Amino acid sequence: MIVLLHKVFLMTKTSLKPYNTFGINASCDRLFSFSSVDELSERLNEIDRQTPFLILGGGSNVLFTEDFHGTILRNAIKGIVVVQEKENTVIVEAGGGMVWHEFVHWTIQNDFGGIENLSLIPGSVGAAPMQNIGAYGVEIKDVFHSLDAYEIETGKIRTFDLPSCQFGYRESVFKRVLRNQFVIVKVRFELQKSGHHRLNTSYGMINEELTKKGIENPTIKDVSDAVIAIRQSKLPDPKEIGNSGSFFKNPILPNSQIEKLKSEFPDIPVYPVDENHSKTAAGWLIEQDGWKGYREGDFGVHQRQALVLVNYGQASGKEIYDLSERIIASIKDKFGIELEREVNIY
Ligand code: FAD
Ligand code: NAP
């Protein structure tokens with residue numbers, strides 16, 4: 001009987017609206033959560049491997065442009081363990097299905113430094129390596145130790161160290177060549193004990209926020225609180241307006257191209273990346289091109305943050321995708337820069 005009910009559950013067509021922060025009302029043929037590797041394995045054995053499937057965490061970096069005709073696997077593997085402790089550092093392992101900010105909060109409560117600048121990023125621990133999440137001058141590659149991932153084809157667990165993840169700017173091997181082949185089940189981070197951690201407050205707004213509060217010698221928690229305050233004041237809350245954060249990546253360009261752009265657009269923001277490349281801000285380009293606050297029906301560009309495309313209620317994923325196409329063409333026309341989407345399109 002239990003088995004029968006279980007099969008019926010697996011067959012159910014499910015709305016994805018509660019499972020993506022854009023709030024897109026697409027559906028999938030089946031959806032299940034797994035809270036252990038054994039459960040993942042069991043469930044995978046029950047589905048037809050020839051039909052499409054997709055691994056989902058918090059759904060905060062996806063755009064469904066149509067119904068998903070396949071199975072969605074939701075990661076619910078939880079748990080935090082300190083796997084190694086040294087004089088100045090700890091290696092902490094977190095389950096891939098944990099809410100990222102809950103993990104950050106735990107590290108701060110334990111006075112471990114390294115991911116305080118990544119406070120309040122939505123989503124799961126398991127998706128964090130997928131695009132090497134980054135904010136306020138820190139990326140997870142800076143504290144990454146290793147991860148365990150379940151290979152869907154073989155059912156084996158493979159461990160990836162830092163080089164094998166091929167992290168780049170909002171990139172990893174999992175977003176490209178190994179896309180949808182591995183489920184990230186555990187991630188390990190090497191964090192610093194508080195007296196040994198160098199805080200990174202180089203990102204202008206953090207210092208401003210600390211000064212505003214009169215904090216001269218910040219703690220790990222002070223930096224986390226500052227990041228939370230800045231984020232809450234600037235970024236749209238998906239609970240209020242559907243969005244997936246930055247829709248496009250910030251373009252990294254050869255310095256020769258940046259120099260030409262600077263002569264035409266002297267105010268263009270430029271941040272050095274390496275000897276030959278610099279980054280400019282996609283949000284600035286979109287704003288200069290007049291898209292900030294654009295709205296048509298229920299889709300548009302956020303009023304305060306031009307890098308964020310939004311769903312005011314009933315927009316379809318296709319409408320948002322088509323808007324992104326128009327923005328890409330428009331930026332190409334004005335600046336000669338080809339914007340790349342950061343959000344994963346399905
Ligand atoms: P999902 O959206 O569920 O999945 C994203 C991709 O990862 C999909 O392709 C999915 O198949 C894959 N995936 C998910 N889980 C796994 C797994 N366990 N194993 C293998 N593949 C998996 N990002 C930043 O980098 N910096 C920010 O500051 C930031 N701010 C944001 C602010 C807002 C308001 C929002 C809405 C988004 C923001 N993001 C930011 C984007 C997003 O939060 C991150 O990319 C986050 O890591 C996505 O996690 P998720 O669990 O929601 O992933
Ligand atoms: P912001 O501070 O207004 O800055 C705009 C852009 O300029 C950022 O995207 C940032 O690039 C770049 N920048 C600013 N100061 C910089 C510095 N000192 N060094 C290098 N680059 C600098 O950005 P924001 O939109 O409010 O976001 C703040 C942070 O949160 C950023 O790091 C951003 O990436 C992150 N964030 C990410 C998402 C997402 O979905 N990916 C969503 C919201 C916020 P970088 O993006 O490379 O840092």
Side-chain angles (χ1 to χ4, degrees), residues 16 19-23 34 40 53-64 68 72-77 95-101 117-140 147-150 152 169-175 178-187 200-208 227 230-252 269-273 278-285 287 302 304-310 342-346:
L16 292 169
Y19 303 112
N20 73 99
T21 60
F22 249 128
F34 53 93
L40 169 63
F53 61 85
L54 170 66
I55 306 137
L56 202 61
S60 64
N61 205 14
V62 290
L63 177 67
F64 292 106
F68 187 78
I72 302 239
L73 321 172
R74 286 197 82 224
N75 191 343
I77 298 178
M98 274 203 79
V99 172
W100 171 259
H101 184 67
N117 293 40
L118 305 179
S119 296
L120 217 61
I121 297 181
S124 58
V125 167
M130 169 80 179
Q131 73 155 12
N132 178 28
I133 55 166
Y136 301 96
V138 172
E139 296 174 316
I140 73 152
L147 64 79
D148 291 347
Y150 177 95
I152 296 198
Y169 178 65
R170 305 289 189 267
E171 277 299 340
S172 76
V173 72
F174 302 102
K175 199 165 176 176
L178 299 184
R179 192 180 187 87
N180 231 21
Q181 293 180 36
F182 284 88
V183 183
I184 298 168
V185 290
K186 281 177 188 169
V187 188
N200 180 343
T201 57
S202 60
Y203 218 91
M205 299 259 326
I206 298 184
N207 272 326
E208 263 173 52
V227 168
I230 300 165
R231 292 187 77 102
Q232 284 174 336
S233 71
K234 286 190 78 175
L235 289 168
D237 180 350
K239 286 194 197 103
E240 286 158 20
I241 307 176
N243 75 88
S244 264
S246 307
F247 199 89
F248 302 100
K249 290 182 185 177
N250 288 322
I252 294 174
V270 176
Y271 303 98
V273 171
S278 300
K279 181 180 74 180
T280 186
W284 186 89
L285 302 173
E287 184 174 346
H302 193 257
R304 274 179 287 137
Q305 175 50 280
L307 199 46
V308 177
L309 303 193
V310 289
E342 181 179 306
V343 170
N344 300 279
I345 310 292
Y346 294 103

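Note that the coordinates shown come from a computational prediction; the quantities given were computed from them, not determined experimentally. Each ligand, and each atom within it, is numbered from 1 in the order the structure gives.
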Mind listing the closest non-hydrogen atom pair of K175 and E342 along with its distance?
-> NZ-O, 2.9 Å
May I ask you to test the F53-I152 pair for a side-chain heavy-atom distance under 4.5 Å?
-> yes
Atom 46 (O) of ligand 2 - nearest protein heavy atom and its distance | N250 ND2, 3.1 Å
What residue and atom, counting heavy atoms only, is the protein's closest point to atom 36 (C) of ligand 1, and at what distance?
-> G245 N, 3.3 Å
Do any N/O atoms on I184 end up under 3.5 angstrom from N/O atoms on ligand 1?
-> yes
Between G57 and ligand 1, is there a nitrogen or oxygen pair with a distance under 3.5 Å?
-> yes
Pick whichever of S246, G134, S278, P236 has a heavy atom sitting closest to atom 42 (C) of ligand 2.
-> S246
Taking C-beta and beyond as the side chain, do I252 and Y169 meet within less than 4.5 Å on heavy atoms?
-> yes
Can you find a pair of side-chain heavy atoms, one from N250 and one from L307, that are under 4.5 Å apart?
-> yes
Are I241 and H302 close enough that some pair of their side-chain heavy atoms sits under 4.5 Å apart?
-> yes
Which segment of M205 sits under 4.0 Å of ligand 2 when only heavy atoms are counted = neither
Taking only heavy atoms of G134 into account, list the atoms of ligand 1 that are under 4.0 Å away from them.
-> 24 (C), 25 (O), 26 (N), 27 (C), 28 (O)
One finds that the ligand 1 atoms under 4.0 Å from a non-hydrogen atom of N243 are 34 (C), 36 (C)
N/O separation below 3.5 Å, Y346 to ligand 1 | yes
In terms of its nearest heavy atom to atom 46 (C) of ligand 1, the top option of A127, G59, P122 is P122
Among all protein non-hydrogen atoms, which one is nearest to atom 5 (C) of ligand 1, and what is the separation to 0.1 Å?
-> N344 ND2, 3.7 Å
Starting from atom 24 (C) of ligand 1, which protein heavy atom do you reach first, and at what distance in Å?
-> Q131 NE2, 3.5 Å
Which heavy atom of P129 sits nearest a heavy atom of G126, and at what distance?
-> CD-O, 3.4 Å
Heavy atom of the protein closest to atom 33 (C) of ligand 2 (residue, atom name, distance) = R170 NH2, 4.0 Å
At a 4.0 Å cut-off, with the gap strictly under it, does some heavy atom of S246 reach an atom of ligand 1?
-> no
Check against side-chain contact (heavy atoms from CB on, under 4.5 Å), M130 and N61 | CA-CA 10 Å; M130 169 80 179; N61 205 14; over 6 Å; no
Are side-chain heavy atoms of W100 and I140 found at a separation under 4.5 Å?
-> yes
Under 4.0 Å from one or more heavy atoms of L56, ligand 1 contributes atoms 3 (O)
Any idea which atoms of ligand 1 are less than 4.0 Å away from a heavy-atom of G123?
-> 49 (O), 50 (P), 51 (O), 52 (O)
At a 4.0 Å threshold, what atoms of ligand 1 neighbour a non-hydrogen atom of N75?
-> 18 (N)
Do any N/O atoms on N61 end up under 3.5 angstrom from N/O atoms on ligand 1?
-> yes
Where ligand 1 meets L54 - atom numbers and elements under 4.0 angstrom, heavy-atom basis | 11 (O)
Minimum-distance protein heavy atom relative to atom 50 (P) of ligand 1 = G58 N, 3.4 Å
Atom 7 (O) of ligand 1 [closest protein heavy-atom partner, distance rounded to 0.1 Å] = M130 CG, 3.3 Å
Show which atoms of ligand 2 fall inside a sub-4.0 Å distance from at least one heavy-atom site of G245.
-> 40 (O)
N/O of S60 under 3.5 Å from N/O of ligand 1, yes or no?
-> yes
Output yes when the distance from some N or O of ligand 2 to some N or O of Q131 is under 3.5 Å, and no in every other case.
-> no
Can you tell me how far CG of L309 sits from CZ of F22, rounded to the nearest 0.5 angstrom?
-> 5.5 Å
Go through ligand 1 atom by atom and flag the ones less than 4.0 Å from a non-hydrogen atom of A135.
-> 28 (O)
Find out whether L120 and V227 are in side-chain contact, i.e. whether some heavy atom of one side chain is under 4.5 Å from a heavy atom of the other.
-> no
Between N200 and V138, is there a donor-acceptor pair closer than 3.5 Å when you use the side chain of the first and the backbone of the second?
-> no
Report the nearest protein non-hydrogen atom to atom 47 (O) of ligand 1: residue, atom name, distance rounded to 0.1 Å.
-> I133 CG2, 3.2 Å
At under 4.0 Å between heavy atoms, what of I133 touches ligand 2? The answer is neither
Can you sort out which atoms of ligand 2 are near E342, meaning under 4.0 Å from one of its heavy atoms?
-> 39 (C), 40 (O), 41 (N)
Given F182, Y19, Y169, which one has a non-hydrogen atom that is nearest to atom 20 (C) of ligand 1?
-> F182
Which residue and heavy atom of the protein sit nearest atom 6 (C) of ligand 2, plus the separation = A281 CB, 4.0 Å
For P269 and Y271, the nearest pair of non-hydrogen atoms, with its separation, is CB-CE1, 4.1 Å
Do the side chains of S124 and N75 get nearer than 4.5 Å, heavy atoms only?
-> no
Considering only non-hydrogen protein atoms, determine which one is nearest to atom 25 (O) of ligand 2 and report residue, atom name and distance to 0.1 Å.
-> Q305 NE2, 2.6 Å
Should N180 be counted as touching ligand 1, given the test is an N or O pair under 3.5 Å?
-> no
Should the ring pair F64 and Y346 be called parallel, tilted or perpendicular, given that the plane angle runs from 0 to 90° and is split at 30 and 60?
-> tilted
Give yes if a backbone or side-chain nitrogen or oxygen of Y203 is under 3.5 Å from a nitrogen or oxygen of ligand 2, and no if not.
-> yes
Numbering the atoms of ligand 2 from 1, which are under 4.0 Å from a heavy atom of L235?
-> 43 (C), 44 (C)
Calculate, to the nearest 0.5 Å, the distance between atoms CD1 and OH belonging to I72 and Y19 respectively.
-> 10.0 Å
Side chain S278, main chain V270, donor-acceptor under 3.5 Å | no
Heavy-atom donor-acceptor pair, N207 side chain to T201 backbone, under 3.5 Å | yes
Candidate with minimal heavy-atom separation from atom 16 (C) of ligand 2, of Y136, Y169, Y271 = Y271
re atom 1 (P) of ligand 2, the protein heavy-atom contact at minimum distance is K234 NZ, 3.7 Å
Of the protein's non-hydrogen atoms, which lies at the shortest distance from atom 30 (N) of ligand 1, and what is that distance?
-> R231 NH2, 2.7 Å
Please name the pair of heavy atoms, one in L285 and one in P251, separated by the smallest distance, quoted to 0.1 Å.
-> CD1-CG, 4.1 Å
Can a non-hydrogen atom of R170 be found less than 4.0 Å from any atom of ligand 1?
-> yes
Identify, for atom 22 (C) of ligand 1, the protein heavy atom at the shortest distance, and state residue, atom and that distance.
-> I55 CG2, 3.9 Å
Beyond-backbone contact of I55 with Y150, side-chain heavy atoms, under 4.5 angstrom | no
Starting from atom 21 (N) of ligand 2, locate the nearest protein heavy atom and write down its residue, its atom name and how far away it is, to 0.1 Å.
-> K279 NZ, 3.0 Å
Under 4.0 Å to a heavy atom of V183 - the qualifying atoms of ligand 1, by number = 19 (N)
Work out whether the distance between some heavy atom of E139 and some atom of ligand 1 is less than 4.0 Å.
-> no
E287 versus A306, closest heavy-atom pair with distance = N-CB, 3.9 Å
